[in-house]
Amino acid sequence: MTLTLRTRTVLIAALVIVGIGLASSSSARPIEQIRKTGTLVVATEGQFAPFNYFEGAKLTGFEIDIAEALAAKMGLKVEWKTFGFDALLTGLQQDRWDMVIASHGITEERAKAVTFADPHYCSGGVIVAKTDAIRSAKDLAGKVVAVQTGTTYLDNVKKVPGLKDVKNFPQDNNARAALMTGRVDAWVVDKFVAKAALQTDPKSGLKIGDFLFIERIAPAVAKGNTGLAQALSQALAAILADGSYAKISQRWFKEDIRCK
Ligand code: ARG
């Protein structure tokens, strides 16, 4: 078959346009489709007590309860998946799950790759050490600090002037263990994670110092899945208003950790 140059040009242009369309159209499940199946597929890490962790074989924590409450408001059940922290946001882009809830702080960088719903709590990274002499950013000069890989703790610790070294670990538990065994001078982690660690192990001698930074923590969905993000934000507004958020927060923290 012989085609005129013009026809060929038009055909190629059409193919290119279809190709771009396929590449950029997100395969993420829209809320309508999720509603049809009745199940929201949610991924978390399961290694970040008291937010998401395992008690024996049972996945539990503040974020598990919050996600269950959000889903219930949306008339959905949750199907849980647990994966390494660094796989969670990329899994959204690959459409492996509908939502991630794993204490992700909203950052400009992450917002380029995913869409955040409204924040489900506000907190920040604190400096934890085994001595009162290391409490604030200036005390970190010349010190070695442990953080979990891929976190805002790492980003913010890197900015501290005069630091000797930052050691990063695939799991936050390993960063804490590094401090416990004296391999590092400090650990930077969420304030509530630090408090829970101290509560679980009162003899650990951990001293919780100042906030290094504060952040807004939110569930994430695939970039551009705004229908789902909006439905989640609406469900959050509903549980904030009807007292169920307050109840869950009191249960885990004896205080209300909503963003004010
Ligand atoms: N809030 C920090 C961040 O945004 C740490 C989150 C760590 N979460 C976890 N499930 N280990 O990066």
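Side chains are part of it too, since the values below use all heavy atoms of this structure and drop only hydrogens, waters and symmetry mates. First listed ligand is number 1; within each ligand, the first listed atom is number 1.
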Visitor: Which of the atoms of ligand 1 are close to G105, meaning less than 4.0 Å from one of its heavy atoms?
Guide: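 Those atoms are 3 (C), 4 (O).
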
Visitor: Do you see a donor-acceptor pair shorter than 3.5 Å between the side chains of R29 and T37?
Guide: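 Indeed, the side chains of R29 and T37 share at least one donor-acceptor pair under 3.5 Å.
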
Visitor: Does R96 qualify as a cation-pi partner of F83, given the criterion of NZ or CZ under 6.0 Å from the six-membered ring centre and within 45 degrees of its axis?
Guide: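 Yes - R96 lies over the ring of F83, closer than 6.0 Å to its centre and within 45° of its axis.
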
Visitor: Indicate yes or no: does K77 engage E79 in a salt bridge with an N to O separation below 4.0 Å.
Guide: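 No, this pair does not count.
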
Visitor: Can you list the ligand 1 atoms lying under 4.0 Å from a non-hydrogen atom of T151?
Guide: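 Counting atoms of ligand 1 from 1, those under 4.0 Å from T151 are 5 (C), 12 (O).
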
Visitor: Which residue owns the protein heavy atom closest to atom 8 (N) of ligand 1, what's the atom, and how far is it?
Guide: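 Ranking protein heavy atoms by distance from atom 8 (N) of ligand 1, first comes A102 O, 2.9 Å.
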
Visitor: Side chain, backbone, both or neither: which part of D172 comes within less than 4.0 Å of ligand 1 when only heavy atoms are counted?
Guide: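 D172 to ligand 1: no contact under 4.0 Å from either part.
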
Visitor: What I want to know is whether F85 and ligand 1 share at least one N or O pair that is separated by under 3.5 angstrom.
Guide: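 No, there is no polar N/O contact under 3.5 Å.
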
Visitor: Consider ligand 1: state whether an atom of it lies below 4.0 angstrom from any non-hydrogen atom of D190.
Guide: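 Per 4.0 Å heavy-atom rule, D190 does not contact ligand 1.
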
Visitor: Would you please say whether a donor-acceptor pair under 3.5 Å links the side chains of E55 and T60?
Guide: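 Absent: no donor and acceptor within the cut-off.
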
Visitor: Where does Q148 meet ligand 1, judged by heavy-atom distances below 4.0 Å: at the side chain, the backbone, both, or neither?
Guide: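 For Q148, only side-chain atoms sit under 4.0 Å from ligand 1.
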
Visitor: Just go through H104, R110, E215 and tell me whose heavy atom is the nearest to atom 12 (O) of ligand 1.
Guide: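 Ranked by closest heavy atom to atom 12 (O) of ligand 1, first place is R110.
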
Visitor: Note the single closest protein heavy atom to atom 6 (C) of ligand 1, along with its residue, its atom name and the distance in Å.
Guide: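 For atom 6 (C) of ligand 1, the nearest protein heavy atom comes out as S103 O, 3.2 Å.
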
Visitor: Which residue owns the protein heavy atom closest to atom 3 (C) of ligand 1, what's the atom, and how far is it?
Guide: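 Atom 3 (C) of ligand 1 sits closest to the protein heavy atom T152 OG1, 3.1 Å.
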
Visitor: Out of all atoms in ligand 1, which are within 4.0 Å of some heavy atom of N52? Include the element for each.
Guide: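 So the answer, numbered in order with elements, is 10 (N).
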
Visitor: Is the distance between the ring centroids of F51 and Y121 less than 6.0 Å?
Guide: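 Yes: the rings meet the under 6.0 Å criterion.
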
Visitor: Scan side-chain atoms only and decide if D155 and T152 contain a donor-acceptor pair under the 3.5 Å cut-off.
Guide: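 No - no donor-acceptor pair under 3.5 Å links their side chains.
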
Visitor: Salt bridge or not for K164 and D185, using N-O below 4.0 Å?
Guide: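 Salt bridge flag = no for D185 with K164.
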
Visitor: Between W97 (side chain only) and L88 (backbone N and O only), is there a donor and an acceptor less than 3.5 Å apart?
Guide: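 Between the backbone of L88 and the side chain of W97 there is a qualifying donor-acceptor contact (under 3.5 Å).
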
Visitor: Who's the nearest protein heavy-atom neighbour of atom 11 (N) of ligand 1, and how far?
Guide: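 The closest one turns out to be E45 OE1, 2.7 Å.
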
Visitor: Measure from the side-chain N and O atoms of Y153 to the backbone N and O of D190, and report whether any donor-acceptor pair falls under 3.5 Å.
Guide: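 Between the backbone of D190 and the side chain of Y153 there is a qualifying donor-acceptor contact (under 3.5 Å).
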
Visitor: To the nearest 0.1 Å, how far is atom 5 (C) of ligand 1 from its closest protein heavy atom, and which atom is that?
Guide: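 Protein heavy atom at minimum distance: Y153 CE1, 3.2 Å.
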
